[in-house]
Protein chains: 2
Amino acid sequence: MNKKISIKKIAELSGVSVATVSRVINNNGRFSEETRKKVLKVIRENNYQTNNVAKSLRMHKSYTVGILVPDITNPFFSNTVQIIEKNLFEKGYSTIICNTARSRDKELEYVKILESKIVDGLIVISGFKTFDRKNLPDDLPVICIDRSPADSTIAFVGSDHYEGAVMATEFLLAETENLAIVKHDEQSSSGSERVRGFEETLFKEKVEKFGSLIVSNGSQNDQQKQIKKFLQDEMNGSKQPLGVFALSDTLAANILLVAHDLSIKVPKQLKIMGFDDSPIASYCSPQLTTIRQNEILLAKEASGKLIKLMNGENLARDEIVKKIPVQLIVRGTT
Amino acid sequence: MNKKISIKKIAELSGVSVATVSRVINNNGRFSEETRKKVLKVIRENNYQTNNVAKSLRMHKSYTVGILVPDITNPFFSNTVQIIEKNLFEKGYSTIICNTARSRDKELEYVKILESKIVDGLIVISGFKTFDRKNLPDDLPVICIDRSPADSTIAFVGSDHYEGAVMATEFLLAETENLAIVKHDEQSSSGSERVRGFEETLFKEKVEKFGSLIVSNGSQNDQQKQIKKFLQDEMNGSKQPLGVFALSDTLAANILLVAHDLSIKVPKQLKIMGFDDSPIASYCSPQLTTIRQNEILLAKEASGKLIKLMNGENLARDEIVKKIPVQLIVRGTT
DNA sequence: CTGAAAGCGCTTACAG
DNA sequence: CTGAAAGCGCTTACAG
């Protein structure tokens with residue numbers, strides 16, 4: 001294929017003005033059936049493609065949206081992004097996915113880039129506790145996913161992490177009162193909600209004591225060492241089985257691996273509850289009991305709202321914040 | 001933050017022409033230190049941001065590259081993409097990631113979109129056996145990853161799947177001569193290479209018989225059923241342990257799960273070799289022995305070459321095709 | 001139904 | 001050192 005051809009060239013070749021060509025392309029304004037055919041023929045023959053850069057400049061509309069993702073290799077994120085991308089594509093938007101690597105600087109940098117490329121809208125996925133839109137033009141449609149925006153006027157869609165944790169905890173409590181929670185080092189806003197769900201449920205059920213471990217970031221091996229020490233302490237001398245609520249499936253899977261190592265029987269002596277239903281959950285043995293997030297619904301809400309905003313509509317008051325229900329998936333570890 | 005401000009406004013506010021403002025911004029052409037300070041001050045005060053759409057239009061350069069990915073939720077792809085994105089970002093390019101969902105139509109559609117957004121270059125990751133660049137302008141820099149281009153002039157970077165399969169097969173052969181291969185339904189070009197590595201090694205070592213299973217796409221459950229039947233047949237009455245070369249870690253993990261189910265001892269009676277070293281490999285128990293692809297090197301080669309091409313340099317003849325070495329990771333299943 | 005012209009926000013020869 | 005003007009490829013009031 002040769003170099004790009006412009007509307008001007010098409011106009012020349014079909015013996016009409018550029019204005020007319022533009023009208024034909026966009027099927028807008030009036031022109032005779034005859035010119036339409038003629039122009040379309042020339043366009044086809046020359047494999048003309050609209051230059052969207054020029055069009056964006058003129059129209060102040062790019063049909064592009066940006067997505068900020070903290071870590072695209074995280075299955076929950078990549079899944080959600082993939083579905084959002086699909087939804088937006090169907091509506092004629094293409095998606096610029098930006099990996100912020102959980103870095104404030106990169107996040108800011110990418111916001112700048114996206115802005116200067118004049119995206120029509122922005123979807124921001126968690127990474128820090130809050131997202132500050134003060135760097136953004138006031139009129140840019142923005143949807144936050146899984147991260148509470150600092151500004152309460154920004155639309156927000158997220159799983160009901162609190163409710164998920166309540167379900168998880170009650171399920172564990174039905175089997176044993178000897179509970180523990182295992183968390184990651186740094187807490188996202190969703191992580192805090194999960195912790196809150198756990199603790200408030202215990203409080204409500206009048207369980208006063210529970211174990212707690214914070215696993216600091218590091219290699220899988222490091223993490224397992226910390227878990228090993230914890231399990232050895234916790235399992236020691238207790239009559240009741242131990243029920244562990246892990247704040248992610250990754251943690252849950254590691255706990256399971258350590259349990260095998262220590263010859264602790266799962267789920268007989270140790271019950272493990274994960275969170276996310278990530279791919280590894282199904283490849284553990286036994287498979288992990290966990291809380292599944294509904295990425296499809298999440299993505300649908302987020303892209304639907306963004307499109308609404310980009311079409312110039314406003315969100316009703318009760319649409320600003322949307323909690324997506326989660327689901328308890330009972331498998332082998334409980 | 002308020003609406004966008006243009007170079008024209010900045011010119012007005014600083015009492016110079018737009019030409020001068022442009023020169024100051026790009027530090028290009030000559031201007032007095034005094035005007036520089038003045039203009040920069042106004043820019044800062046007004047939070048001016050270049051409109052890259054306009055700049056692209058004028059410069060025929062967008063500092064944007066497109067990546068076509070068949071499935072962003074596949075860890076190998078998302079990892080590779082993430083690293084490429086990082087490399088390009090450091091060179092001032094932002095990346096548009098397009099999920100083609102292994103659909104020819106979507107692939108074509110996205111190529112069009114990317115083209116019309118005037119990307120400076122394109123990275124194409126496997127999905128079909130070959131990629132045809134006839135729809136692309138002749139002068140657009142393109143790098144293929146993991147998929148042989150139909151046109152042998154396109155630069156290509158991929159893991160040495162053949163060599164990986166040879167290593168895997170020889171390793172298994174050292175333990176047992178009773179081998180089998182388990183493949184996916186649809187073969188990518190990399191898959192075919194893996195098969196070839198397996199078969200040629202067996203031929204070389206004069207092993208004439210081996211088992212073979214093609215697992216058709218479906219739910220995890222479906223796949224496990226097919227594997228179950230296969231294992232029951234293969235394990236029946238054989239004295240030697242069975243060594244299975246699975247064409248992906250996903251397959252390997254499912255085989256392992258079925259083995260547990262059938263109370264087959266791994267690695268005593270059954271040895272399993274995966275491919276990719278995907279995240280699930282480390283969460284199986286025992287952990288999977290597998291062949292690791294070097295995503296970092298892969299990404300480095302791909303982004304490096306693309307940048308070279310985008311800078312107008314040519315690739316030396318021996319740079320067109322680059323095979324990246326893979327590594328045998330011995331863990332618990334062999 | 002059709003065209004000439006302005007303008008989106010930039011950069012860059014050209015002239016001074 | 002600085003400015004006026006052209007032009008990147010489009011769309012759209014305006015005039016006819």
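No experiment lies behind these values; they were computed from the predicted model shown.
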* Structure fact -> When B/V16 and A/L57 are each assigned the nearest nucleotide of DNA chain D, the 5'-most assignment goes to B/V16

* To do: In whole angstrom, give the distance that lies between atom OH of B/Y48 and atom C1' of C/dG9.
  => 7 Å

* Asked: So which one's nearest nucleotide on DNA chain D is more toward 5', A/R58 or B/A54?
  -> B/A54

* Asked: To the nearest 0.5 Å, what is the distance between OG1 (A/T80) and CD1 (A/I125)?
  -> 6.0 Å

* Structure fact -> When both distances are under 3.5 Å in a Watson-Crick or G-U wobble arrangement, the nucleotide paired with D/dA13 is none

* Asked: Between D/dG3 and B/T20, is there an OP1 or OP2 to side-chain N/O distance shorter than 4.0 Å?
  -> yes

* Which distance, rounded to the nearest 0.5 Å, do you find between the NZ of B/K55 and the CD1 of B/I7? -> 9.0 Å

* Is the closest basic N to carboxylate O distance between B/E34 and B/K38 below 4.0 Å? -> no

* Asked: Do the side-chain N or O atoms of A/K55 get closer than 4.0 angstrom to the phosphate oxygens (OP1, OP2) of D/dG9?
  -> no

* Nearest-angstrom distance from the residue atom CG of A/N27 to P of C/dC1 -> 13 Å

* To do: Send over the distance from A/Q49 CD to D/dC10 C1', rounded to a whole Å.
  => 15 Å

* Asked: Would one find a side-chain N or O of B/S32 under 4.0 angstrom from OP1 or OP2 of D/dT2?
  -> yes

* Note: A/E12-A/K8 ion pair, threshold 4.0 Å (strictly below) -> no

* **Between P of C/dT11 and CD1 of B/I25, the distance in whole Å** => 6 Å

* Asked: Between atom CZ in B/F31 and atom P in C/dT12, what is the gap in whole Å?
  -> 13 Å

* Asked: Does A/T35 have a side-chain nitrogen or oxygen under 4.0 Å from the phosphate oxygens OP1 or OP2 of C/dT2?
  -> yes

* Using a 4.0 Å heavy-atom cut-off across all strands, classify B/S6 as base, sugar-phosphate, or nothing. => sugar-phosphate

* Asked: Tell me: CD1 of B/I10 to C1' of D/dG3, nearest whole Å?
  -> 18 Å

* Salt-bridge present (B/E85, A/K106; N to O < 4.0 Å) -> yes

* Contact class for B/N28 vs. all strands (heavy atom < 4.0 Å): base, sugar-phosphate, or nothing? -> sugar-phosphate

* Could a donor-acceptor pair under 3.5 angstrom be found where the side chain of A/R23 meets the base of C/dG3? -> yes

* Hey, is A/E109 close enough to A/K112 for a salt bridge, meaning N to O under 4.0 Å? -> no

* Pick base, sugar-phosphate or nothing for A/S56, based on heavy-atom distances below 4.0 Å to the nucleic acid. => nothing

* Between D/dC8 atom C1' and A/K9 atom NZ, what is the distance in whole Å? -> 16 Å

* Asked: Side-chain N or O of A/N26 less than 4.0 angstrom from OP1 or OP2 on D/dT11?
  -> yes

* **Separation of D/dA4 P from B/E12 CD (nearest whole Å)** => 13 Å

* In whole Å, what separates the C1' atom of D/dT12 from that of D/dG16? -> 16 Å

